[in-house]
Structure formats: structure tokens, C-alpha cells
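Note sheet for the following structure.
All residue numbers in this chain count up from 1 along the given sequence.
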Amino acid sequence: MNEKQRLEGTQVESVNSSDKKSAKDYSKYFEQVITAPSLKDAKKRGKEEVKYHNDFAIPEKFRGMGEGRKFYIRTYGCQMNEHDTEVMAGIFLALGYEPTDKTEDANVILLNTCAIRENAENKVFGELGHLKSLKLEKPDLLIGVCGCMSQEESVVNKILKTYHQVDMIFGTHNIHRLPNILNEAYMSKEMVVEVWSKEGDVIENLPKVRRGKIKAWVNIMYGCDKFCTYCIVPFTRGKERSRRPEEIIQEVRQLAAQGYQEVTLLGQNVNAYGKDLEGSTYGLGELMDELRKIDIPRIRFTTSHPRDFDDRLIEVLAKGGNLMDHIHLPVQSGSTDVLKIMARKYTREQYLELVRKIKAAIPNVALTTDIIVGYPNETDEQFEETMSLYREVGYELAYTFIYSPREGTPAAKMEDNVPLEVKKARLQRLNALVNEMSLEAMKKHEGQIVDVLVEGESKNNPDVLAGYTSRSKLVNFAAPKSAIGKIVKVKITEARTWSLNGEMVEELEPAEVK
């Protein structure tokens, strides 16, 4: 699976109206608000900086702000961004706004951005260009940029200099401040910039508008302290900070009571959960052990770091039940030397030993991964180590990327000395292997009867339903619409590279008449 397949923007809704701003020189103000990513400074993170707030509420003076106005949010990037969008949508509704799925109907448009890849940033700048004409037609339209890109100094400076149609810029730590930011944008003639360089707090009781009633995301922690040399996330999302177990457990219980069928626990480095809780030995294993007792059919988590995948977590996952037998375990490279340059802090051998432990405890596990090719100094031999590791592990899918430097990361200072044509050739070879082994894994399901959580109609055919197995395999099959939102048994009739076709083999109980 390539970068394009992974980094597709999603839409949820957002928008509002505001005053025009002038092109003021914000450089001095900006220097006070945020500093450029600094590995040296970031590694000085202290525990005392994080505060826990469970008293979030919409200020009374802002209620009704959105009356007669509509909002639109376009989301780029990972599940964490999508979940942030759910929170912002919840705040908009609490302020009285209505959602819309059309930018031309919106009074406020937010772009919730991703900084993980350069092309994700380019999409945002392209969209800002398209929105300029809409702003000219509707001077009261508010346009905002939020998310990970907003935490990068170079991005904010570029917006301040070039994209004068933007009214608001706010960061990942400022989402709970959205009512104040909107109010300031309405009142001000100048661009509102609120980007905190502090590491972030934990804010509870934020409203949410979840997408659908079948699957839900639950943040269990924020930030990352790993500082892989290619990654901007520790700078855009701040230090690792965990939510309290009781808050998470209560949220999952509420989702179960509301009829949700699946919960995915989210974190930039989800299995580092609890390590920042002072005086506690409570980790992701302990949390999963409690969550598996809740009456909800499926529980997943993403994304994990091999270095934090401990024996306790493996032991709990092996208990099965509503803990799914699919683990996304990013390796990034199969070469110990490249892993060292990446600062992944494990070797090829240590990774393979972890895989051995997981497979011994969970024989039916489906493993997927992330891989970067063409990292600075990567040789042909080191790339071959990645290819051989892929075969040895037996991954069932991978998200693959050509290395591109991200400004502000340590890797950006390295010489990007692998020619682009070499990078492309390596990616092509790797993707051929990914496709081959994905199809091989899919074919093992032919003739099997599997449980499928039905999410809705197929994107390509409204007469066909689509859903996922416990091992995260997409299944398309004909069934009545009443199956949507249920877990049904499907016999697999055909395997394809990225999906399965099947037929439902059980009759649905008639819906209750109310």
C-alpha cells in the first residue's frame, strides 16, 4: 500500500464568518509563541509541565455564537487528526453552528492538517489557493489552519507571508481554545495566531461528534518521546502524556452502552501508555486487560512502537476475546545500520525476536507495518535486508514511503544522497513484494467463514456491503442493508490483493418494531 492510499484527506465539516485581516508583520509576535523544532530542547522535557484538566466547558458568553452559521472541516492524515476533528465538530455544535459538506455553504472552513509527509503539506497549500476565490466572494468567511502543520514555524511563516486569506492558525495543543480563537477572529482585522510551543496538557470532557455509530476512536495518550530522526511528530504533538485509566475505561463503557461495535485506542506511540504516570506500573497491557472485560465486540489499538511492546501486553493480547488478532508494528527498515541512523533504538534481531514472541502467543496474528525506502546512506545491501525481513516476518500489508526530509528533523540535516530514481526503483520492488504477500495472505481466507463488522455500502457498488474481519481484511458481499452495524458471518468466495469477496451465510433477525 503506497503513500497515496494512506494519505487521503477526509471531510467532516466546518466553517464560520469573520472580518478581513491585514497583512501585518507577525514575526516578532510569532517568535514569542513558538520556536523552531529543537531536538536538544525537546529532550529536556520534564514531567512537571503537564497539567490535567477535567473541567472543560463552553463559556456562556460564546454560546449562540454559531447561530445561523455553518462549519466545514477538511481533515488530512492520521486517525489522531480525524479524532481531533470529531472534537472540533463537537465544539462547533455546542456553539450553535450547523455542519455542512459544501465549502461554498460554509461560514467557517478549517483545514486540519498533517505534517508527516511533504505532499500532505502541499495538498493543504493547494487547497488554500482554491479557497482564495471563495474568500473574495464571501468576505465574512473565516478560514483556519490547524493540526500538525500549524506547529511548524516555517509553515506558519509561509502562511503569514503568502496566504492572507487565512484568518486563524492554531496548533494541536489549542483545540480546546477554539471558542476563544473564533471570537478573536470575528473581532480582529488581523490574522489570529495561537500556537503554543509548550508540550501540551491533558484536557478531559471535550465534546465530540463521532463519525457514525459503529466504530469509535478513543485517545489514550498524546505526543511522542521517541525522536526518530525522520519524524516531526514529537515536535508537533509534544511530549508523551497519558490519560488516566479511569477516564478511558469510562469512555469505552459509554461507547459500549451506546451500541458501538468497535473501539480503537489511539496514541502516536500507543504502547508507551502509562510510562509518564509517576509512581505507576500501569501500562497498555493492564489497560487492555480491563477493557477486554467490557461488553463491546472489538477493541484495537494503533500505532505501536516495537521498543515499547512488552511481554505483559503480549500476554494480555493472547487472551483474545474482544482483543483483535491484528497488530500494526512499524519496522521502517530491515537493516540494523539504517535503524540506528533512524534512532529507532532496536536492531533487526530484536525486532524479529519480538515478532517470534507475538506469533508464539497469538498464532493467528496478522502483522502489518510501515517501511521507508531510500533513507540517507541506505545501500543496495541494506535495502535487500528490508526485503528479506519482509519475507521472514510474513507481513500481510505494509504502508510504504520514499524518504523525504522534513524541515526541523535531525534527518533533514543529513545528505539526502540516494538518487530519486534509485528510491523509486526500490519502492517499486518493495510494493511488488507487498502486493504478492498480501494476495497470498488473502487467499488463505478462501472457503473460510469469517466474522465481518459491516460498516456500510461498498464505495464502488451501493448494492454491495463492506466491512472488516477481526484481522482487518476488507470484505465485500451482498446482504440486506439491515446488516449495517452488525457483525455477521460471511463465507469467502474470492481473494483479491487488497480485499475479499464473499456471501453472507446467516439470516438476520428481523428488526424490532418500535
Item to check | Residues in salt bridge (Lys or Arg N to Asp or Glu O under 4.0 Å) contact with R344, at least two apart in sequence or another chain | outcome: none
Does [X] reach the main-chain N or O of [Y] with its side chain, forming a donor-acceptor pair under 3.5 Å?
{"X": "D310", "Y": "L313", "answer": "yes"}
{"X": "K359", "Y": "V393", "answer": "yes"}
{"X": "Q350", "Y": "T347", "answer": "yes"}
{"X": "S438", "Y": "T497", "answer": "yes"}
{"X": "E503", "Y": "I492", "answer": "no"}
{"X": "S150", "Y": "V145", "answer": "yes"}
{"X": "R471", "Y": "N364", "answer": "yes"}
{"X": "N269", "Y": "S304", "answer": "no"}
{"X": "R300", "Y": "R298", "answer": "no"}
{"X": "T469", "Y": "V450", "answer": "no"}

Step through the shown structure and confirm whether more than 12 heavy atoms of other residues, nucleotides or ligands are within 6.0 Å of [atom1] on [X].
{"X": "D295", "atom1": "CG", "result": "no"}
{"X": "Q258", "atom1": "CD", "result": "yes"}
{"X": "K319", "atom1": "NZ", "result": "yes"}

Exercise: identify the closest heavy-atom pair between [X] and [Y]:
{"X": "P330", "Y": "Y351", "result": "O-CE1, 4.0 Å"}
{"X": "L141", "Y": "A106", "result": "CD1-O, 3.5 Å"}
{"X": "L284", "Y": "V270", "result": "CD2-O, 3.9 Å"}
{"X": "P99", "Y": "L93", "result": "CD-CD2, 3.8 Å"}
{"X": "K423", "Y": "G374", "result": "CE-O, 3.4 Å"}
{"X": "I248", "Y": "V218", "result": "CG2-CG1, 4.3 Å"}

Is any side-chain heavy atom of [Y] closer than 4.5 Å to one of [X]?
{"X": "L110", "Y": "M168", "answer": "yes"}
{"X": "N435", "Y": "W498", "answer": "yes"}
{"X": "V331", "Y": "I371", "answer": "yes"}
{"X": "L265", "Y": "M288", "answer": "yes"}
{"X": "L397", "Y": "Y399", "answer": "yes"}
{"X": "W217", "Y": "T302", "answer": "no"}
{"X": "C148", "Y": "I232", "answer": "no"}
{"X": "P245", "Y": "Y273", "answer": "yes"}

As an exercise, state the distance from [atom1] of [X] to [atom2] of [Y], rounded to the nearest 0.5 Å.
{"X": "I484", "Y": "L453", "atom1": "CD1", "atom2": "CG", "result": "11.0 Å"}
{"X": "Y230", "Y": "Y375", "atom1": "OH", "atom2": "OH", "result": "7.5 Å"}
{"X": "R348", "Y": "S335", "atom1": "CZ", "atom2": "OG", "result": "8.5 Å"}
{"X": "L291", "Y": "I296", "atom1": "CG", "atom2": "CD1", "result": "9.0 Å"}
{"X": "N112", "Y": "M80", "atom1": "CG", "atom2": "CE", "result": "11.5 Å"}
{"X": "F227", "Y": "F235", "atom1": "CZ", "atom2": "CZ", "result": "5.5 Å"}

Could [X] and [Y] be called an ion pair, given the rule that one side-chain N must be under 4.0 Å from one carboxylate O?
{"X": "K275", "Y": "D225", "value": "no"}
{"X": "E251", "Y": "R210", "value": "yes"}
{"X": "R74", "Y": "E127", "value": "yes"}
{"X": "E121", "Y": "R406", "value": "yes"}
{"X": "E353", "Y": "R356", "value": "yes"}
{"X": "E436", "Y": "R391", "value": "no"}
{"X": "R253", "Y": "E246", "value": "no"}

Going by atom types only, do [X] and [Y] share a side-chain donor-acceptor pair under 3.5 Å?
{"X": "N501", "Y": "T493", "result": "no"}
{"X": "T75", "Y": "N81", "result": "no"}
{"X": "S242", "Y": "D276", "result": "yes"}

Checklist outcome for this item: Hits for side chain to side chain contact (heavy atoms under 4.5 Å, CB included) against E286, two or more places apart or cross-chain, chain-then-number order -> Y282, R312
Checklist entry - Any idea how F301 and F309 line up, ring-wise: parallel (<30°), tilted (30 to 60°), or perpendicular (>60°)? => result tilted
Item to check | Identified salt bridge (charged side-chain N to carboxylate O under 4.0 Å, His left out) partner of D451 from the options K473, K489, K486 | outcome: K489
Checklist entry - Testing E385, E384, E378 for salt bridge (charged side-chain N to carboxylate O under 4.0 Å, His left out) with R426, which one passes? => result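 Exactly one pass, corresponding to E378.
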Next on the checklist: Within 45 degrees of the ring normal and closer than 6.0 Å to the centroid, is that where the cationic atom of K215 sits relative to Y468?
Outcome noted: yes
Checklist entry - Should T264 and L266 be marked as a side-chain contact (heavy atoms from CB on, under 4.5 Å) after you check the CA-CA gap, both sets of side-chain angles, and the distance that decides it? => result CA-CA 6 Å; T264 300; L266 294 181; 4.0 Å; yes
Checklist entry - Can L111 and Y76 be said to form a side-chain contact (heavy atoms from CB on, under 4.5 Å), step by step? => result CA-CA 8 Å; L111 303 184; Y76 302 81; 4.3 Å; yes
Item to check | L354/L329 under side-chain contact (heavy atoms from CB on, under 4.5 Å): CA gap, chis, key distance, verdict | outcome: CA-CA 10 Å; L354 173 60; L329 193 64; 4.0 Å; yes
Item to check | Worked verdict on Y390 versus V434 for side-chain contact (heavy atoms from CB on, under 4.5 Å) | outcome: CA-CA 8 Å; Y390 198 95; V434 170; 3.6 Å; yes
Checklist entry - What residue among H328, H326, E396 forms side chain to side chain donor-acceptor pair (under 3.5 Å) with S472? => result H326
